[in-house]
Amino acid sequence: LLEVEQARAVEAADARSAAERTANESEATLAAALSTSTDPVFIVNRDGTLASANRRFVELVSQATGMVVSPGMSLEALMDEPTRAFWTDALPRVLAGEAVVRLKRFRFASQAELRAFSVRFTPVREGGSVIGALVVAHDSTEEERLRHEMARREEWFRSLIENASDMIFQITPDALIEYASPSVDRVLGYD
């Protein structure tokens, strides 16, 4: 009986050790992914101080403010007035348990132009309580520029079709007319 209990204890210890190794490997992989991310990522404590941040966040903020970014510092000290208003709107909601996504334009010292960032705030929970917020900011400037360009081209093509003197149709594979240009009415006398 003693040998059986001893074998079970060894098995349990081995299982705990394997679980700890897996957790440590997973944590190391996540840390490596975050540190190499091109998106600024940081975690803020309930009191608004920085808990941790990836390299990209530290680079951008240090360039913009000239300050050394370190855990425990107040993030509001790094913000201009519009950013502080943005922050004071989002953070309390996240600390209340709500995920918040906002589009905000920032200019960092190394950037000549305003850049559009999609900023996602996610509550960080421990034991069922919100202990802080995870903030991921994705530079979506290029995507916004492309969306604007697509809308501009769409409008241009729409204008071409609506003002063309030729009749233009869009017909489904089963021969139903989905679209007829305004010239149909002008040429045939009916829409």
Where the side chain of [X] meets the backbone of [Y], is there a donor-acceptor pair that is under 3.5 Å apart?
X    : Y    : value
S159 : E155 : no
T172 : L176 : yes
D139 : T141 : yes
T49  : N45  : no
S181 : E162 : no

Please assess R56 against E59 for the test salt bridge (charged side-chain N to carboxylate O under 4.0 Å, His left out), listing each intermediate value before the final yes or no.
CA-CA 5 Å; R56 184 65 177 149; E59 284 172 3; 3.3 Å; yes

Answer whether the closest heavy-atom distance between the side chains of [X] and [Y] falls below 4.5 Å.
X    : Y    : value
M73  : M67  : yes
L50  : V44  : no
S118 : S140 : yes

Identify whether the distance between the nearest side-chain nitrogen and carboxylate oxygen of E154 and R158 falls below 4.0 Å.
yes

Between the side chains of E149 and R153, is the shortest nitrogen-to-carboxylate-oxygen separation below 4.0 Å, so that they form an ion pair?
yes

Chi angles and distances behind the side chain to side chain contact (heavy atoms under 4.5 Å, CB included) call for F121, L134
CA-CA 6 Å; F121 295 81; L134 170 68; over 6 Å; no

With clusters built from Ile, Leu, Val, Met, Phe, Trp and Tyr whose side-chain heavy atoms come within less than 4.5 Å, directly or transitively, what are the remaining members of the cluster of Y179, listed by chain and number?
I161, I168

Shortest non-hydrogen contact from [X] to [Y]?
X    : Y    : value
A133 : V124 : C-CG2, 3.7 Å
V58  : A53  : CG2-CB, 4.2 Å
S183 : A164 : CB-O, 3.3 Å
R125 : V130 : NH1-CG2, 3.4 Å
E76  : R84  : O-NH2, 3.0 Å
V69  : F57  : CG1-CE2, 4.0 Å

Full working for side chain to side chain contact (heavy atoms under 4.5 Å, CB included) between H138 and R120
CA-CA 8 Å; H138 174 69; R120 179 177 300 277; over 6 Å; no

Over 12 non-hydrogen atoms of neighbours within 6.0 angstrom of CD in E142
yes

Under the side chain to side chain contact (heavy atoms under 4.5 Å, CB included) criterion, do W87 and L75 qualify, and how do the steps go?
CA-CA 9 Å; W87 180 258; L75 290 177; 3.8 Å; yes

Hydrophobic clustering (ILVMFWY, side-chain heavy atoms < 4.5 Å, transitive) - are [Y] and [X] grouped together?
X    : Y    : result
F169 : V187 : yes
L91  : V101 : no
I177 : V184 : yes
M167 : Y190 : yes

Distance-only side-chain donor-acceptor flag, D39 / S37, under 3.5 Å
no

According to salt bridge (charged side-chain N to carboxylate O under 4.0 Å, His left out), who are the partners of E178, at least two apart in sequence or on a separate chain?
none

